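Input: a single structure, listed below in structure tokens.
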Amino acid sequence: MVEDFLNITEANLEDARHWGNATCMEDGLVLTEHLNDATIGKEPTRMNFILMALCRKGEAQYSIDTRQQTVKPGDLLFISERHIVDQYRATEDFECMCIMLSTEYYHGFVQNVKNVSSLLIFSMNNPVVRLTQREIETYTNYFQFIREKIADETHHYRADLVKALLLSMFYDMSNVIWRVEQAGGTPQTRADAIFAQFIRLLQENFRTERRVSWYADQLTITPKYLSEVVKQVSKRTTNEWIDSYVVLEIRVMLRNSTKSIKQICNELNFPNQSFLGKYFKEHVGMSPSEFRKKL
């Protein structure tokens with residue numbers, strides 16, 4: 001079991017800034033073509049960021065949560081936050097177009113909560129995907145254009161433009177998810193199926209239901225078993241998932257609407273504005289009004 005590893009190294013996005021010819025945004029985005037310079041995988045390494053990469057040349061092998069993977073030219077690999085990479089090795093000519101971003105940065109451009117979980121669930125069951133020639137060209141064009149815009153520090157709307165390009169790219173890559181799922185994809189284990197059902201329930205009900213027991217009842221399993229499965233599959237607790245959805249929704253509403261704090265409080269079923277404020281500050285580090293003012 002992956003949790004049995006005695007010594008797990010933590011890989012942070014700050015480390016990734018020093019991998020190869022990395023191009024970086026100040027607040028949570030790194031692009032590189034040379035993962036051979038990475039320190040990940042020489043020993044069990046927990047990834048504290050999201051990684052997506054297209055192999056262009058050579059070959060790499062690694063394990064993700066103890067499952068062996070091989071990446072060849074034309075393959076797109078996904079590694080979600082908190083999963084453990086080990087036994088990484090690659091040929092000397094291995095090259096890939098790699099995009100790494102913090103969860104905080106990802107939450108800064110997603111449009112709704114469904115976008116957050118769809119990539120994660122897919123990547124757990126399909127960590128490596130063979131792209132079509134057209135999909136390869138699409139990813140390559142995005143990668144090169146995003147890197148070009150990151151480098152253009154004179155552009156007044158540089159930060160917003162990069163996030164808009166990433167959002168567009170993630171929608172294009174979501175079409176890859178749709179294509180693979182239509183073809184059958186990788187069969188789910190029972191644990192994977194329960195986790196996916198939990199996420200679907202969460203997407204539909206997090207605005208009004210935040211009790212683990214309620215979700216367990218809907219799935220006709222015990223709260224303890226649900227918590228064990230969610231932790232095993234996603235490396236997060238059930239409460240962390242519930243909180244992440246609620247906090248993300250508050251952030252999206254503060255950023256993309258003119259709704260008052262009171263309206264947001266009512267829509268998300270908080271008992272009062274004070275409770276909402278304390279809850280948000282606990283998870284984000286600032287009050288809802290401070291967050292909106294910062295934007």
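Counting begins at 1 with the first residue of the sequence. Everything numeric here is computed off the predicted structure, so don't read it as measured data.
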Nearest non-hydrogen partners of R17 and G28, listed with the distance
NH2-N, 4.4 Å
Expected output: side-chain R130 to main-chain P73 donor-acceptor under 3.5 Å:
yes
Atom pair CD (E59) and CZ (R89), whose distance is rounded to the nearest 0.5 Å:
9.5 Å
Please determine, by modelled atom types, if Y279 and D243 share a side-chain donor-acceptor pair under 3.5 angstrom.
yes
Test log, rule side chain to side chain contact (heavy atoms under 4.5 Å, CB included), inputs V30 and W19:
CA-CA 9 Å; V30 177; W19 297 346; over 6 Å; no
Would a single hydrophobic cluster contain both I264 and M286, if residues Ile, Leu, Val, Met, Phe, Trp and Tyr are joined by side-chain heavy-atom contacts under 4.5 Å?
yes
Please determine, by modelled atom types, if D93 and T91 share a side-chain donor-acceptor pair under 3.5 angstrom.
yes
E33 with R56: basic N within carboxylate O range, under 4.0 Å
no
Minimal heavy-atom distance between A11 and T45, with the atoms involved, is CB-CG2, 3.4 Å
Which atom names give the shortest non-hydrogen contact between L226 and A216, and what distance separates them?
CD2-N, 3.7 Å
Nearest 0.5 Å, what's the CD1-CD distance between I84 and E10?
8.5 Å
Once rounded to the nearest 0.5 Å, what's the spacing between atom CE of M173 and atom OG of S168?
9.5 Å
Mind checking the CZ-CG spacing from F275 to L268? Nearest 0.5 Å is all I need.
12.5 Å
Intermediate values then yes/no, side chain to side chain contact (heavy atoms under 4.5 Å, CB included), L13 and Y105
CA-CA 11 Å; L13 203 61; Y105 189 88; over 6 Å; no
Honestly curious: do I177 and Y171 fall in one hydrophobic cluster under the side-chain, below-4.5 Å linking rule?
yes
Can you find a pair of side-chain heavy atoms, one from Q263 and one from M253, that are under 4.5 Å apart?
no
Which distance, rounded to the nearest 0.5 Å, do you find between the OH of Y62 and the CG of D86?
12.5 Å
Angle class for the Y157/H155 ring planes (parallel below 30°, perpendicular above 60°, tilted otherwise)?
perpendicular
S244 versus R236: any side-chain heavy-atom pair under 4.5 Å?
yes
Atom of C55, atom of C96 and distance for their closest heavy-atom approach
CA-CB, 3.9 Å
Are V233 and Y225 linked, directly or through other ILVMFWY residues, by side chains that come within less than 4.5 angstrom of each other?
yes
Full working for side chain to side chain contact (heavy atoms under 4.5 Å, CB included) between Q61 and Q87
CA-CA 8 Å; Q61 295 180 333; Q87 300 175 340; over 6 Å; no
With heavy-atom distances below 4.5 Å as the criterion, would you say the side chains of T32 and T23 are in contact?
no
Heavy atoms, side chains only, cut-off 4.5 Å: are V129 and E135 in contact?
no
Flag the pair Q197 / Q218 as yes when at least one side-chain heavy-atom distance between them is below 4.5 Å, and no otherwise.
no
Please name the residue in the list L101, D160, V162 that meets the side chain to side chain contact (heavy atoms under 4.5 Å, CB included) test with F109.
L101
Ignoring hydrogens, what is the shortest heavy-atom contact between A60 and A90? Give both atom names and the distance.
CB-CB, 3.8 Å
Rounded to the nearest 0.5 Å, how far apart are CD of E14 and SG of C24?
8.0 Å
Between F270 and R210, is there a cation-pi geometry (under 6.0 Å to ring centre, at most 45° from the normal)?
yes
What are the two closest heavy atoms between C98 and L51, and how far apart are they?
SG-CG, 3.7 Å
Do M169 and Y139 make a side-chain contact, defined as non-hydrogen atoms from C-beta onward lying under 4.5 Å apart?
yes
Stepwise side chain to side chain contact (heavy atoms under 4.5 Å, CB included) test for F195 and Q232
CA-CA 10 Å; F195 176 70; Q232 173 196 332; over 6 Å; no
Pairwise side-chain contact, L54 with F143, heavy-atom cut-off 4.5 Å (strictly under):
no
Near E104 CD, under 6.0 Å, is it more than 12 heavy atoms from other residues, nucleotides or ligands?
no
Check this for me: W214, atom CH2, are more than 12 non-hydrogen atoms of other residues, nucleotides or ligands nearer than 6.0 Å?
yes
Are F198 and I242 side-chain neighbours, meaning at least one heavy-atom pair lies under 4.5 Å?
yes
For the residue pair F291 and F280, does the interplanar ring angle fall in the parallel (under 30°), tilted (30 to 60°) or perpendicular (over 60°) class?
perpendicular
